Amino acid sequence: MKNIPFAILCIVLAACCAILPSCNKPAETTAKKITIGFSQIGSESDWSAANSLSVKGAAEKRGIDLRFADGQQKQENQIKALRSFIDQKVDLIAFSPVVETGWQTVLEEIKKAGIPVILTDRGVDVTDSSLYVTFIGSDFTEEGRRAAKWFVENTKGDLKVFELRGTPGASCAVDRKTGFEAVIADHPRIKILKSQDGNFERGKGKEVMEAFLKTPEGKDFNALYAHNDDMALGAIQAMKEAGLKPGKDIKIVSVDAVKAAFEAMVDGELNCTVECNPQLGPQLFDIVEAVLAAKTLPADATKHKLLKPAILEALGGGAFEKRVMVHEVVYDQSVAKELIGTRKY
Ligand code: GYE
């Protein structure tokens, strides 16, 4: 080797580099890919489809290994998925609980496995709030209040409301009802004539409305409050098939503000939709990264403004804001035509 002139050595090495790709590649970055288990409720509505897209898109953008499980609106499927995430030793679990109750046991198992949990979209009813780090989602009670306020401000005379509820026991259905009833309590001219659940599905909304229209109350009501746009759009179809003029004979307010609701408002068949923003992906993964950074930070680090010292123990006990709200507005026919082109979901 020592006899070969230096210049020839360089030429040989350069040739190697040209041939062997590994030569050119910068030193391998050893950062372990973040693995996140995400248990979604299902794909029952345009809203949930947009929410899944937002979560998957944000994870992909950040090179996160997302283990996505669709619960098909069944709690037992979600519990199975959460347990499989423990077995897969994911770094963090994020999930949208289909209903509020029945999660204590599996959340205790996840905590025992040392995996932080972030709730997205819907809340849980547990006795120990340290079982999750934070909950990012909408203020569903406020959405119910806003829906009622639209009726208060945009109708006159007696209003006999048919309420199409969301999934029984789901935090958004429970709270949207509570918020609505809280406001109409001060307006005796507005009464809920009948309330039935449509499981947040368009088909079910249509089916329930068809049956309701055949009842005596179905001849008497003049307003519909639907806990989501999909059920309202199904009910509107049933009303049209029954010869009614939705949006005129029957005043209709729903929740979500999906594009199809804007189309119905432009057609004059829906009066108002209260926004519930499904695009939680980017904000969710900002929090995921902060939580995982916190887990690896020495206890005295105060780098992240959301964090307080002594983070490691307190991750579940208030190190993070326990509730992260999403900004939302109310849309009605007066703005639908102008804004429909701007709707992303
Ligand atoms: O309103 C509805 C979906 O949990 C906020 O679930 C979400 C609700 C949304 O089925 O369309």
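Whatever order the structure lists them in is the order used to number ligands and atoms, beginning at 1. Values in this document were obtained by computation on a predicted structure and should not be read as measured data. Just so you know, these numbers use all the heavy atoms, side chains as well, and skip hydrogens, waters and symmetry mates.
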When the ring centroid of Phe200 is compared with that of Trp47, is the distance short of 6.0 Å?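 Between Phe200 and Trp47, the centre distance exceeds or equals 6.0 Å.
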
Could you report the tightest heavy-atom contact between Asn271 and Trp150, atom names first, then the distance?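 Looking at all heavy atoms of both residues, the closest pair is CB-CH2, 3.4 Å.
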
What pair of heavy atoms forms the shortest contact from Pro282 to Ala58, and how long is it?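 Where Pro282 meets Ala58 most closely, the heavy atoms are N-CB, 3.7 Å.
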
Number the atoms of ligand 1 from 1 as they appear, then name those within less than 4.0 Å of a heavy atom of [X], with their elements.
X      : result
Ser45  : 2 (C), 3 (C), 10 (O), 11 (O)
Cys276 : 5 (C)
Phe200 : 2 (C), 10 (O)
Glu44  : 3 (C), 6 (O), 10 (O)
Arg176 : 1 (O), 5 (C)
Cys172 : 4 (O)

Side chain or backbone of Glu143 under 4.0 Å from ligand 1, or both, or neither, by non-hydrogen atoms?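 For Glu143, no heavy atom sits under 4.0 Å from ligand 1.
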
Is there a polar contact between ligand 1 and [X], counting only N or O atoms under 3.5 Å apart?
X      : value
Trp47  : no
Asp121 : yes
Arg122 : yes

From the options Ile184, Thr178, Val183, select the one residue that forms a side-chain contact (heavy atoms from CB on, under 4.5 Å) with Phe180.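 Between Phe180 and the candidates, side-chain contact (heavy atoms from CB on, under 4.5 Å) is satisfied uniquely by Ile184.
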
Out of the candidates Ile93, Val288, Val324, only one should pair with Ile118 under the side-chain contact (heavy atoms from CB on, under 4.5 Å) rule; please name it.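 Testing each of Ile93, Val288, Val324 against Ile118, the sole residue satisfying side-chain contact (heavy atoms from CB on, under 4.5 Å) is Val288.
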
Test the Lys194-Phe212 pair against the cation-pi criterion, namely NZ or CZ under 6.0 angstrom from the six-membered ring centroid and within 45° of the ring axis.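 Output no; distance or angle outside limits.
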
Is it true that the NZ or CZ of Arg83 lies under 6.0 Å from the centre of Phe85's six-membered ring and within 45 degrees of the ring axis?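 Negative - Arg83 is either too far from the ring of Phe85 or too far off its axis.
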
In terms of side-chain geometry, is the basic nitrogen of Glu241 or Lys206 positioned less than 4.0 Å from the acidic oxygen of its partner?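 Here Glu241 pairs with Lys206 in a salt bridge, since their nearest N and O are under 4.0 Å apart.
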
Quick one: nearest non-hydrogen protein atom to atom 11 (O) of ligand 1, plus distance?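 Here the closest protein heavy atom is Asp256 OD2, 2.6 Å.
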
